[in-house]
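What you see below is based on every heavy atom in this structure, not just the backbone, and it leaves out hydrogens, waters and symmetry mates. Residue numbers start from 1 in every chain, and the chains themselves are labelled A, B, ... in the order their sequence lines are given, proteins ahead of strands. All values reported here derive from a predicted model rather than from experimental measurement.
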Amino acid sequence: GQQLNQSPQSMFIQEGEDVSMNCTSSSIFNTWLWYKQDPGEGPVLLIALYKAGELTSNGRLTAQFGITRKDSFLNISASIPSDVGIYFCAGQLPGTYKYIFGTGTRLKVLA
Amino acid sequence: GAGVSQSPSNKVTEKGKDVELRCDPISGHTALYWYRQRLGQGLEFLIYFQGNSAPDKSGLPSDRFSAERTGESVSTLTIQRTQQEDSAVYLCASSLAPGSSYEQYFGPGTRLTVT
């Protein structure tokens, strides 16, 4: 099925470092959602973005809805070991209630 | 309040058998989604229900897959004559009515293994 391009696919970082990941597409989206998934669990919603250019924070997490509506990024500041997991973006297709999910970024934090 | 629940959490079945997966959405959520997640992959949309409207079945991979939802409550995803490629985690999500919120909340998933 359709999927968004999400990068990087995986990353190892040191505890305390900042992390950045993004999703891009050739299509526009009306809403962007960012999720974190731990092993054996369902994805947990982190941040929701509704307007082009919107910048939203949730604790150490910051996400932005790209001006072109074709991309979004997620930043995690001062990473900690519990940030380990897989992060997914999801974009809502205009005129539908259907979401397309990114391929995921697997984050590993080294203490 | 209670989140989205799914049952069973794990299901092992023999190739060719039928399976039924259940999803209980968050109370008051009128929208319900089913997704499939193969090992190490992203989420693949299967079907979407909104209230009493006709469901969006555009993601169902074959006619062996079907889903039902009674009103705004429980949904069941049925896979007939299971194949090994059906092995995956099946995730259900629910959200409030479109126009009020588009945020989807996921259940823990059902891990299906077809032997």
Side-chain angles (χ1 to χ4, degrees), chain A residues 1-10 21-25 27 29-51 54 56 58 63 65 69 72 85-108, chain B residues 3-7 9-10 21 23-26 29-51 53-62 65 88-111:
Chain A
Q2 249 181 308
Q3 288 190 328
L4 292 169
N5 299 314
Q6 187 169 347
S7 66
Q9 279 190 319
S10 64
M21 61 192 77
N22 68 81
C23 281
T24 61
S25 174
S27 304
F29 294 97
N30 282 355
T31 301
W32 284 94
L33 305 177
W34 282 93
Y35 288 89
K36 177 176 183 271
Q37 186 176 31
D38 292 327
E41 313 250 336
V44 174
L45 183 65
L46 300 174
I47 291 182
L49 302 161
Y50 296 102
K51 295 181 184 177
E54 180 181 352
T56 297
N58 178 8
F65 193 144
R69 295 170 62 193
S72 177
I86 304 176
Y87 292 80
F88 290 102
C89 63
Q92 181 203 359
L93 293 171
T96 79
Y97 304 114
K98 189 186 300 185
Y99 281 85
I100 304 299
F101 277 75
T103 46
T105 294
R106 186 179 298 271
L107 179 65
K108 299 189 180 181
Chain B
V4 178
S5 61
Q6 292 185 245
S7 61
S9 55
N10 281 284
L21 313 179
C23 172
D24 283 87
I26 293 173
H29 280 195
T30 59
L32 188 147
Y33 301 75
W34 283 98
Y35 294 88
R36 178 170 68 180
Q37 185 176 30
R38 291 199 164 110
L39 186 63
Q41 311 251 333
L43 278 69
E44 179 186 355
F45 168 81
L46 296 178
I47 189 168
Y48 161 76
F49 294 91
Q50 170 52 41
S53 303
D56 179 343
K57 305 179 182 180
S58 59
L60 294 178
S62 77
F65 287 72
V89 175
Y90 289 83
L91 290 160
C92 173
S94 69
S95 70
L96 289 169
S100 59
S101 170
Y102 296 102
E103 298 170 13
Q104 294 182 37
Y105 294 88
F106 282 85
T110 294
R111 181 176 299 278

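The side-chain contact (heavy atoms from CB on, under 4.5 Å) test applied to A:E54 returns A:L49, A:Y50, A:K51, A:T56, A:F65, not counting sequence neighbours.
Only the backbone of A:E41 comes within contact range of chain B, judged by heavy atoms closer than 4.5 Å. Of the atoms belonging to A:Q37, it is side-chain heavy atoms, and not backbone ones, that fall under 4.5 Å from chain B. Contacts of B:Q6 with chain A are absent, with no heavy-atom separation under 4.5 Å from either backbone or side chain.
Using cut-offs of 30° and 60° for the angle between ring planes, the B:Y35 and B:F45 rings count as perpendicular.
A donor atom on one side chain and an acceptor atom on the other are not found under 3.5 Å apart for B:Q41 and A:T103.
Between A:C23 and A:W32, the shortest heavy-atom distance links the atoms CB-CZ3, 3.8 Å.
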